[in-house]
Amino acid sequence: MKKIIKNIVKILLLIIVIVSISVGGGLLYLKANLLDFDKNFDTNQYEIIELNINGYKFLDRNGNKQLDIYEDDRKPIELRVSDLLSKLTKEEKVRMLKGSGMSSGIGMSPHGIPGAVGTIVSTSRLGIPEIYLSDGPAGLRILSTRENDKKKYYCTAFPIATLLASSWDKDLVQNVGFAMGNEALSYGIDVILGPGVNIHRHPLCGRNFEYYSEDPFLTGHIGAAMINGIESNGVGTSPKHFVANNQETSRNINDAIVSERAFREIYLKGFEIIVKKSQPWTIMTSYNKINGTYAPENKRLLTDVLKNEWGFDGVVMTDWFGGKSATAIINAGNDLIEPGTKNSWNELKKSAEDGSLPLINIDASVKRILELIFKSRKMQNYKYDDNPDLKNHAIISGKAAAEGMILLKNNETLPMNNLVNIALIGATSYDFISGGTGSGDVDEAYTVALDQALKDKGFILNKIALNHYEKKIQNNPNKKQKGGGAIETAMTIMNPPIPMDLEYPIELIEKTSKTADIAIVTIGRNSGETADRKVEGDFLLSKTEKEMILSTCKVYHSLGKKVVVILNIGGVIETASWKDLPDAILLAWQGGQEGGNSVVDILTGKINPSGKLPMTFPNDINDHKSSLNFPMDGEQLNLSDVISGLISEEKAEEEKIKNKDYTLYKEGIYVGYRHFDKNNIEVSYPFGYGLSYTDFEYSDLKIIKKTDTIMMSLNVKNIGNQKGKEIVQVYVSKNNSKIDRPLKELKEFSKTKLLDLGETIKMNFNIPIYDLSYWNEEFNDWSLEKGDYSILIGASSRDIKLNQEIDIK
Ligand code: BGC
């Protein structure tokens, strides 16, 4: 009996061993195949003899490796994808349509990369790895700390998107993108959830800092450069949010009511340029509805326009918890639901069974997802080392910041020479803001503030001003912009910090002026996801800030000393009422972790400022036509609106609240300078404006018209006494147009190299004639007007240097 039992046990053990070898060993072997196989291995020479229990073949007669088509990286991706598609079960395919949830995003997942917010699920049976998705526009956003791990996983805080666009320098932005993508590669992240490319429809949108410009041409070309830079690492991007996500107030339910023309010419245009110039791996849809349909459920936009008309061949993914019906989302052509919830899984499974989610749609989306997986470095056995070149990336970040800062005013004050004692006024001087909050934030190792940067360059900080700040901060430790920790950073999503309003009694300023040679006043602003900005105390300077500028100017000017204002802000503020007071104004934006150093490089003249405005600074917020239809009260997003499933039930028409439940884009195409120019409205600083320490002369415009292209050249000469770079802008205007059109529109731009004193450079531009067309709502297509056009070469939208007419037949 004992013997029989022993034998049964032996047989059972043998079965277990055989099964585990064939399942586990098979999987391990397959995984090894996918992640580590010999590139010179020719599968065609091998004959398949063995099927393991999963139906996959591993060995030839001699026990050598045997690959399936999809495993063979010498085969074209389409072939590998169709092979794999034929091997996936329907359930496995449906699984791929949604991510694996949010757990890794808040660092709670036992596997994964803490801080990564989403995934494309793995199919381990076939050795298909998990793909990681992580924010965001100003640098990679993962957590710097991990449980039971002393190592810090910091990322570089690059300058905010608005600053990068202010450089008008595609090569520079591509370099920043390369560094950012390289960081993602080092940390094992496969897709960066950025750049943000929504249009600055209104200055108060809380996420404008994540976006580039009020102009779609600038947005599209800067965005494409960023994407090309990131993706050259074999890391994907996700330009977002497609489309018309121009306010944070009620963003999850807001219905953007937009004309087709405004869509085509303004809101879609940037995305269209991006798709054509950089074919990103993915695109993220927005939360809002568009003319009644949630963006991720909008088949016309996703399938007809984005995929069929523009030829986008990547993956469309939802914003986090965006959209309502998982079935409608996939059927519309939104291929991937992020981060994925149990509800979406249950719904997809059911609709795949009952046919309301047809297999043809499932296959179409899975095919795109598989193509992404095959393109990823993860499929190519890339071994990430968690060791990005943070030192070098900090240098790139600092250089980029200096290139995008904009000199708004300079009365023979800057660069400042031989000044040693500086009174730094304003809390943000000592607590510089590197970037905005929310998913556009970065968990960086440090931020160089202005005080630190000045000290490092040998300047003496005025003690009285310094003590005033330090005393206040001691009593108010929580007023610091960022605690630094990633959890704190995450918390700011729902509660962005407001820069401290530090009071400066005039007696105190007088005391500082006794020893200081110059005063630098910093105005700080911060905003981020989930709330729009307000007019009072945000767009407008607070009473304390106004008094701070006023009294500093009064005291310092009475002694013949200068005052410089630094704007450490993420979005447009009011400048018209106070800009006459200081001697110089530098718009430093939020310059990433090296921001303070970049400001000092400009103040001292080490770098000659060359940034120009990617949007208009109006005299009055209400001068923007969109102010009539924008939520001006900066209301914080309702948490229950953020997560799908909790989206409030549809309201009856009469209950709907303007600018929350819906927003009428009544200004149509008249956004930014298109509106200010058309209506001849004075502005504080126009689109494209920015000063330099030198001057440039424009000459010799030559235009040749070819069948499809307008080719032009002109000369730019440095006629001042500092080396410098100039941003040349090409606008086109239709003369005597029969239709309602903007007075002029940006159609080309370029930044010169650093020009020596007296140096001239020839700039060449080509504009496809097709780009002069407008969206004709009657024909529902682009139309080109015949007749005279003016080519306007400008140093800004309101400083046209050269002008020539051409005739389009
Ligand atoms: C934001 C996206 C972001 C996503 C993941 C959303 O709340 O709107 O821009 O990529 O979260 O963090």
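Position 1 is the first residue of the sequence; numbering continues from there. Note that ligands are numbered from 1 as they come in the structure, with each ligand's atoms numbered from 1 the same way. These numbers come from the heavy atoms of this one structure, side chains and all, not from hydrogens, waters or symmetry mates.
- Contact analysis puts Y287 in contact with ligand 1, with a non-hydrogen atom separation below 4.0 angstrom.
- Looking at R141 next to ligand 1, no N or O pair under 3.5 Å apart turns up.
- In this pair, H393 and F158 present their aromatic rings tilted. The plane angle is within the 30 to 60° band.
- No side-chain heavy atom of N343 sits under 4.5 Å from any side-chain heavy atom of E347.
- Using bins of under 30°, 30° to 60° and over 60° for the plane-to-plane angle, the ring pair H202/H624 lands in the tilted bin.
- Counting all heavy atoms, side chain and backbone alike, S434 lies closest to Q593 at CB-N, 4.1 Å.
- For ligand 1, none of its N or O atoms has an N or O atom of W320 under 3.5 Å away.
- Neither the backbone nor the side chain of E248 has a heavy atom within less than 4.0 Å of ligand 1.
- The ligand atoms of ligand 1 that sit less than 4.0 angstrom from a heavy atom of R207 are 1 (C), 2 (C), 8 (O), 9 (O).
- Using a 4.0 Å heavy-atom cutoff, E210 is absent from the residues neighbouring ligand 1.
- Close contacts between ligand 1 and D135 involve ligand atoms 3 (C), 5 (C), 10 (O), 12 (O) [criterion: under 4.0 Å to a heavy atom].
- Judged purely by atom type and a 3.5 angstrom limit, N288 has no side-chain atom pairing as donor or acceptor with the backbone of D255.
- In the vicinity of R251, heavy-atom distances shorter than 4.0 Å reach the ligand 1 atoms 7 (O), 8 (O).
- Using a 4.0 angstrom heavy-atom cutoff, E338 does not count as in contact with ligand 1.
- Below 4.0 Å from some heavy atom of H241 lie the following atoms of ligand 1, by number and element: 2 (C), 8 (O), 9 (O).
- F312 does not carry K307 over the face of its six-membered ring by the limits of under 6.0 Å from the centre and within 45° of the normal.
- Across all non-hydrogen atoms, the minimal contact from V197 to Y211 is N-CD2, 3.8 Å.
- At a threshold of 4.0 Å, the pair K152-D443 does not count as salt-bridged, since none of the basic side-chain nitrogens sits closer than that to a carboxylate oxygen.
- Those atoms of ligand 1 with a heavy atom of V117 less than 4.0 angstrom away are 5 (C), 12 (O).
- Heavy-atom contacts of M284 reach the following atoms of ligand 1: 10 (O) (cutoff under 4.0 Å).
- For K240, every heavy-atom contact with ligand 1 shorter than 4.0 Å involves the side chain, none the backbone.
- Under a 3.5 Å cut-off, the side chain of E248 and the backbone N or O of A531 do not form any donor-acceptor pair.
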